There are 2 protein chains.
Amino acid sequence: MESKPKVTIHHIAEKLNITASTVSRALNDNPRISDLTKKAVLKTAKELNYQPNNIAAALRHGKSHIIGIIVPTADRAFFSSVVRGIEDIANNLNYKVIICQSYDNYEKEIQTIDALLSARVDGIIASIGKNTENFDHFKRVQAEKIPLVLFDRTTDALEVSQIMIDDYLGAYKVVEHLIQQGCRRIAHFTSPKKVSIFKERLRGYTDALSDHGIPYDEDLVVQSNLQLVDGRESMEKLLKLKERPDGVFSASDYGAMGAMQVLKENKYKIPQEVALAGFSNDPFTSFTDPALTTVDQFSMTMGKKTAEIFFEQLKSGDKTAVPQKIVLKPELIIRESSLKKGSL
Amino acid sequence: MESKPKVTIHHIAEKLNITASTVSRALNDNPRISDLTKKAVLKTAKELNYQPNNIAAALRHGKSHIIGIIVPTADRAFFSSVVRGIEDIANNLNYKVIICQSYDNYEKEIQTIDALLSARVDGIIASIGKNTENFDHFKRVQAEKIPLVLFDRTTDALEVSQIMIDDYLGAYKVVEHLIQQGCRRIAHFTSPKKVSIFKERLRGYTDALSDHGIPYDEDLVVQSNLQLVDGRESMEKLLKLKERPDGVFSASDYGAMGAMQVLKENKYKIPQEVALAGFSNDPFTSFTDPALTTVDQFSMTMGKKTAEIFFEQLKSGDKTAVPQKIVLKPELIIRESSLKKGSL
DNA sequence: GCAAGTTGCGCAAACGATTGCATATTAAAT
DNA sequence: ATTTAATATGCAATCGTTTGCGCAACTTGC
């Protein structure tokens, strides 16, 4: 039932009649300390239940051994999975991870950066908020000379390493698949935001169309925030068209889900009358009826790769900071919502 | 393009020909400093782009202004929502939050506690992992005299404040509802784990049955890990019974989802032949077909309440540490999966 | 005009660990 | 036996803030 007086290296030192320096070195396995002393130190450290004060250490050598991760939201399977990938690597390297959510809010993103900076994290890994168009706060991170790595929602406005998936390719594959299934009027839900992922998906959509000789019809491209309600609204808008689409590719799974609801409410047959596809392979997509065709982003892999690049940069200590750009290949997940013809 | 030399209060002091103490006090708005000096300090702080070193401050007064949150996983809507609630309050009080995931892994939970402790967090808010049956690591937190508050997955083995929902009541309401819909053979998916929430839900189930004169049949209570696959297996087992159930109440939404899949695959009509209900109101439950009846846990409210209790305890500084037990009322969300009769 | 407050600020010691340099002890080399 | 190296540890400064105590200077009251 011992109370406050936290045990420090000095207590250990005192008990062993050596100095704190020796204890410190012993605990850090410094080769200049004899094995005998090391054993003794370790032993009494256990006995006294010594807990190193990381704060003091951090103050001394300016490293907190904590890295900050900023995601728009942690409750999206994709992000939490990436985070998990990063965590795995970080923990192995004995780094702690502090997860922050920007909630796609620009102001909050700035605050978060400041909080992390003043917590003196050793580096930051981030996915940019949807509404962010100014990147000065990220530049401040770079000005501090601590590593910054972006994943998924990245930007070329910054000179940083970025890990993303090939959104263009993913979208292209989806649309090509829909065409192969016989769709000729394929709509697309996209976002007006500056984030490159949506622009890339749109590009994949248009290229796939033109490569297969299908004319581009701007009426079929609907901009929104890509949430469930947006998907519903977009779909309702599309159904009012003179000639309704026979396929919908939403840049988000939630958008596709909204479309599915509206289609079902209006008794359209999916995929026979309208084929449907989303993007992200959110877990719920396999629970819907029909199950939703989508694009898997290998989130865990992305996390690991991101962490890898990050720690590489961390070790290299701001010199060899050649920004890398890693592009991972996504995978098309075909499910009933788009499968008009029999098998695969 | 100025590089390393971080600006400290000493630089400010030097520039103003005062001492660091004064600068420190000025920055902390100490009443013993004249307004004039304060203005001057603030001004040059801006000019020099001064960033306080929280680590040094933390070292000095033993408080990091960081609190640790431990959740089994951040990608479950319930947990991430609670986290968000906590975050809101914490941020307002100028506390940073570090989110850790135990992944329901006992070892990892211990490691996490140690990591947080050595990061010198000012307190810990946690939801216990499913497999945890020994609570010594939490006792270590208490031994450090820093506040510890548990939410949702709690235990009475510790003398801590806990915030939970009335799982008993939620379960009772579900089962009563199923009975009112005409179900007479209601199965229940539960977990063998020590966590009280599942025991409470089971108790609600049995009480509701007996209160309505329905005999308890142990064949209808299936233990599992409550994930999707478990739900599938459990349902398959139930369908092999001589007399199949006409209702299933799963202690988790994922378990209910697994049951739904199996039932649909076997062409059973939901809810006509088998009514279905889950627990947690996970977002996907409204996307399934039929949409899943479930129990909402007011996660955001729980988060806020938890944070409230936590900071109360933090302020009170380990004296008045009377452990509180807050029980929130859940709400039954009735959807098609259980609605045999017409309206509500 | 003097004791007693008040106000505004400086001094210096913390907080706990790390680390360059110095020192003492022992071993190896000549 | 004496110089040279290696080995093992101690000394003391340092990281950037905070804070108890002390000391001026300036009010105030009588």
Side-chain angles (χ1 to χ4, degrees), chain A residues 4-42 44-45 48-66 94 117-122 144-146, chain B residues 4-42 44-45 48-66 94 117-122 144-146:
Chain A
K4 304 268 96 170
K6 296 285 299 176
V7 19
T8 74
I9 51 173
H10 292 97
H11 298 124
I12 303 184
E14 193 175 13
K15 187 151 187 183
L16 291 174
N17 272 322
I18 54 180
T19 63
S21 334
T22 305
V23 174
S24 171
R25 282 190 255 255
L27 290 172
N28 290 311
D29 203 30
N30 185 311
R32 301 184 61 74
I33 301 296
S34 72
D35 285 345
L36 210 72
T37 322
K38 281 181 188 169
K39 305 282 180 219
V41 169
L42 260 353
T44 53
L48 298 178
N49 186 28
Y50 167 73
Q51 305 263 46
N53 185 328
N54 292 342
I55 299 211
L59 174 59
R60 179 59 230 256
H61 51 28
K63 314 216 155 301
S64 61
H65 255 235
I66 297 181
N94 205 17
L117 247 29
S118 83
R120 290 299 202 273
V121 295
D122 287 353
E144 300 285 342
K145 306 278 189 204
I146 65 175
Chain B
K4 304 270 96 173
K6 295 285 298 176
V7 17
T8 74
I9 52 173
H10 292 97
H11 297 125
I12 303 183
E14 193 175 14
K15 187 150 188 183
L16 290 174
N17 271 321
I18 54 180
T19 64
S21 333
T22 305
V23 175
S24 171
R25 283 191 253 257
L27 291 173
N28 290 312
D29 202 30
N30 186 311
R32 302 186 62 76
I33 300 298
S34 71
D35 286 345
L36 212 71
T37 321
K38 281 181 188 170
K39 305 280 181 221
V41 169
L42 262 353
T44 52
L48 298 180
N49 185 30
Y50 166 73
Q51 306 264 46
N53 184 330
N54 292 344
I55 298 211
L59 174 59
R60 179 58 229 254
H61 52 27
K63 315 221 154 298
S64 61
H65 256 233
I66 296 181
N94 205 18
L117 247 27
S118 83
R120 290 301 201 271
V121 293
D122 287 353
E144 301 284 343
K145 306 278 188 202
I146 65 175

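All values below come from the heavy atoms of this structure, side chains included, with hydrogens, waters and symmetry mates left out. Proteins get letters first, then strands, A, B, ... in listed order; numbering begins at 1 in each. Values in this document were obtained by computation on a predicted structure and should not be read as measured data.
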query = Between D:dG16 atom C1' and B:Asn54 atom CG, what is the distance in whole Å?
reply = 11 Å

task = Could you please name the option among C:dT19, D:dT17, C:dC9 that lies closest to any side-chain atom of B:Ala57?
result = D:dT17

message = Let me spell it out: for each of B:Arg120 and A:Thr22, pick the nucleotide of DNA chain C with the closest heavy atom. Which residue's pick is nearer the 5' end?
response = B:Arg120

message = Using only modelled atom types and a 3.5 angstrom limit, is any donor from either the side chain of A:Arg25 or the base of D:dG10 paired with an acceptor on the other?
response = yes

Given A:Thr44, A:Leu48, A:Asn53, the one that forms side-chain contact (heavy atoms from CB on, under 4.5 Å) with A:Val7 = A:Leu48

Out of C:dT18, C:dG16, D:dT9, whichever nucleotide has its closest atom nearest the side chain of B:Leu59 = C:dG16

key: Spacing between B:Ile9 atom CD1 and C:dC9 atom P, to the nearest angstrom   = 15 Å

ask   = How long is the line joining NE2 of A:His10 and P of C:dC15, in whole Å?
value = 9 Å

ask   = Is a donor-acceptor contact shorter than 3.5 angstrom present between the side chain of A:Arg32 and the base of D:dT7?
value = no

message = Using 0.5 Å steps for rounding, measure from the CZ atom of A:Arg120 to the CG atom of A:Leu59.
response = 9.5 Å

ask   = Checking all strands, does B:Ser24 fall into the base, sugar-phosphate, or nothing category for heavy-atom contacts under 4.0 angstrom?
value = base

ask   = Nearest to the side chain of A:Ile33 - C:dA17, C:dG10, D:dT9?
value = D:dT9

key: Between C:dG16 (P) and A:Tyr50 (OH): distance, integer Å   = 10 Å

key: Point-to-point distance, once rounded to the nearest 0.5 Å, from NZ of A:Lys6 to NE2 of A:His11   = 11.0 Å

ask   = When we call it a touch if two heavy atoms are under 4.0 Å apart, what does B:Asn28 touch: a base, just sugar-phosphate, or nothing?
value = sugar-phosphate

query = Which whole-number value in Å describes the distance from A:Lys63 NZ to D:dG16 C1'?
reply = 16 Å

request  = Can you measure from CD1 (A:Ile12) to CG (A:Leu27) and round to the nearest 0.5 angstrom?
outcome  = 5.5 Å

message = Ignoring hydrogens and geometry beyond distance, is a side-chain donor-acceptor pair present between A:Ser24 and A:Ser21 at under 3.5 Å?
response = no

request  = Would you indicate, yes or no, if C:dC9 has its OP1 or OP2 atom less than 4.0 angstrom from a side-chain nitrogen or oxygen of B:Ser34?
outcome  = yes

ask   = So, is A:Thr8 close to the C:dG16 phosphate, meaning a side-chain N or O under 4.0 Å from OP1 or OP2?
value = no

query = Got a donor-acceptor pair under 3.5 Å from the side chain of A:Ser21 to the base of C:dA17?
reply = no

message = Tell me the interatomic distance from A:His61, atom NE2, to D:dG16, atom P, rounded to whole angstroms.
response = 14 Å

query = Across the strands shown, which category fits A:Ile18 at heavy-atom distances under 4.0 angstrom: base, sugar-phosphate, nothing?
reply = sugar-phosphate

request  = Have a look at A:Asn17 and say if it touches a base, only the backbone sugar-phosphate, or nothing, with a 4.0 Å heavy-atom cut-off.
outcome  = sugar-phosphate

message = Can you measure B:Glu14 atom CD to D:dG16 atom C1' for me and round it to whole angstrom units?
response = 15 Å

ask   = Just wondering, do A:Val41 and A:Thr22 contact through their side chains at under 4.5 Å, heavy atoms?
value = no

message = Distance check needed: D:dT17 P versus B:His11 NE2, whole Å only.
response = 10 Å

